[in-house]
Colleague: 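This structure is in structure tokens; I'll ask about it shortly.
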Amino acid sequence: MDAGMNTSSHLKAQARCPLQEHFLPRKSSKENLDRFIPNRSAMDFDYAHYALTEGRKGKDQAATVSSPSKEAYRKQLAETMNLNHTRILAFRNKPQAPVDLLHTSHSASLHQQPKSVKPRRYIPQSSERTLDAPDIVDDFYLNLLDWGSANVLAIALDHTVYLWDASTGSTSELVTIDEEKGPVTSINWAPDGRHVAIGLNNSEVQLWDSASNRQLRTLNGCHQSRVGSLAWNNHILTTGGMDGQIVNNDVRIRSHIVETYRGHTQEVCGLKWSGSGQQLASGGNDNVVHVWDRSVASSNSTTQWLHRLEEHTSAVKALAWCPFQANLLATGGGGGDRTIKFWNTHTGACLNSVDTGSQVCSLLWSKNERELLSSHGFTQNQLTLWKYPSMVKMAELTGHTSRVLYMAQSPDGCTVASAAGDETLRFWNVFGVPETAKKAAPKAAPEPFSHVNRIR
């Protein structure tokens, strides 16, 4: 629901609507007034000095007393001494004539084709779209933004959940929570892109059908206080609360609580299942990261963690499983820590730690390249794109004026949405072209009898 360009007076008079296009005045770039600067390496300063002083005297004398033989001698001498320059200032070097050491037919056959160099991807430095997000809760420990597989973005603004369809640009209101139950403290799409889970301040978790705008059920008894983090794993909805507990809920059955993980002593503010669905990472306000394994979890109602990682010195909300390397987990620490750490969750070893200089609020891996995106707080409130594993900064995206608390990635992996305490929702084309849009590589010939079951 993009709004048209209006005058500033009209904009001030107009009330801010959720997810309305937010136009920012663009600064006109200065004209590129290039100066012509001589190339000093291509000039002869000695001759330039001679031409401006003694050379002029010689020409004047030659004009008064000259004969055909003397004039011919003077020209020959100038040619020999390289004094027949036509210009004093040189603005570029003349290309040298190629030296053909071999016969052209032989040299052509010895020419090698240069190796193809992958062109560097252009990364836009400004957001491609900005929407208003009034009344978004500025709380580091909550998770109020998610982008579903059906290309619909869900955002919680105080007590109300809005849906923004990225395909059409249309906005709709899903639900407004009662004052005594809210505000909304977490939101997460189910893998089908149709059902969405909503965590509330009063410890309830609601399940909604976005297609019919209908509430399906309420999960009670999971926690004693607000539910700040949610993560789906097929039909299992994992919830993390301020009480430090993590609960696995099977949404298909009436008695939905199937497992409880206890290990955090303070609020659980980050939850992420691995791509295989076998391991769960949790981060808490107790500065601890836990890795839980489902194979271990199935044997006990209260489960012991697989790894307890205590190297962070501040709350850990930012968690991201690597899509191209199994058992690789990235974690980000809060304002007192400011580091991104990489873990081998098979062994529990810390592989690398990078000081980012500011609070790490969120982490996202690229689906198409070996890159990691982090969002930050004070002082720049920026998004930083890193090359993995070198962790060289590829880009820093600025525009938010408050800490960038929430990030979500589009289904195709190209666009990232970021929401901040400045009450704006920005979209960044940071991860490039999706894999499907790239030039298709030639398919390899199928293996003979590949359709037949293999014989041992």
Colleague: Between T185 (side chain) and G199 (backbone), is there a donor-acceptor pair under 3.5 Å?
Modeller: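 Such a contact is found between T185 side chain and G199 backbone.
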Colleague: Sequence neighbours left out, what passes salt bridge (charged side-chain N to carboxylate O under 4.0 Å, His left out) with R252? Give chain and number order.
Modeller: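 Counting only residues at least two positions away or on another chain, R252 forms a salt bridge (charged side-chain N to carboxylate O under 4.0 Å, His left out) with D250.
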Colleague: Which class fits the ring pair F427 and W164: parallel under 30°, tilted 30 to 60°, perpendicular over 60°?
Modeller: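 If you compare the ring of F427 with that of W164, the planes turn out tilted.
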Colleague: Does a side chain donor of either S374 or W386 reach within less than 3.5 Å of an acceptor in the other side chain?
Modeller: yes
Colleague: Taking NZ, NE, NH1 and NH2 as the nitrogens, is one of them in R226 or E267 under 4.0 Å from a carboxylate oxygen of the other?
Modeller: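 Salt bridge flag = yes for E267 with R226.
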Colleague: Looking at residues at least two apart in the chain, or sitting in another chain, which of them share a side-chain hydrogen bond (donor to acceptor under 3.5 Å, both in side chains) with T160?
Modeller: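 For T160 the side-chain hydrogen bond (donor to acceptor under 3.5 Å, both in side chains) partners, ignoring immediate neighbours, are T176.
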Colleague: Within the supplied structure, the quantity of interest is the number of heavy atoms (other residues, nucleotides, ligands) at a distance under 6.0 Å from E179 CD; does it exceed 12?
Modeller: no
Colleague: Can you measure from CG (L207) to CG (L219) and round to the nearest 0.5 angstrom?
Modeller: 4.5 Å
Colleague: Return the set of residues passing salt bridge (charged side-chain N to carboxylate O under 4.0 Å, His left out) with E396 (not counting sequence neighbours), or none when no residue passes.
Modeller: K393
Colleague: Would you call D138 and R403 a salt bridge, taking side-chain N to carboxylate O under 4.0 Å as the test?
Modeller: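 Salt bridge between D138 and R403, a charged N being under 4.0 Å from a carboxylate O: yes.
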Colleague: For W343 and E311, work out which heavy atoms get closest and say how close.
Modeller: CH2-OE1, 3.2 Å
Colleague: Under a 4.0 Å threshold between the charged nitrogen and the carboxylate oxygen, would K181 count as salt-bridged to E204?
Modeller: yes
Colleague: What verdict does the side chain to side chain contact (heavy atoms under 4.5 Å, CB included) test give for C222 and V227, after you've listed the backbone C-alpha separation in whole Å, the side-chain angles of each residue and the deciding distance to 0.1 Å?
Modeller: CA-CA 9 Å; C222 304; V227 181; 5.9 Å; no
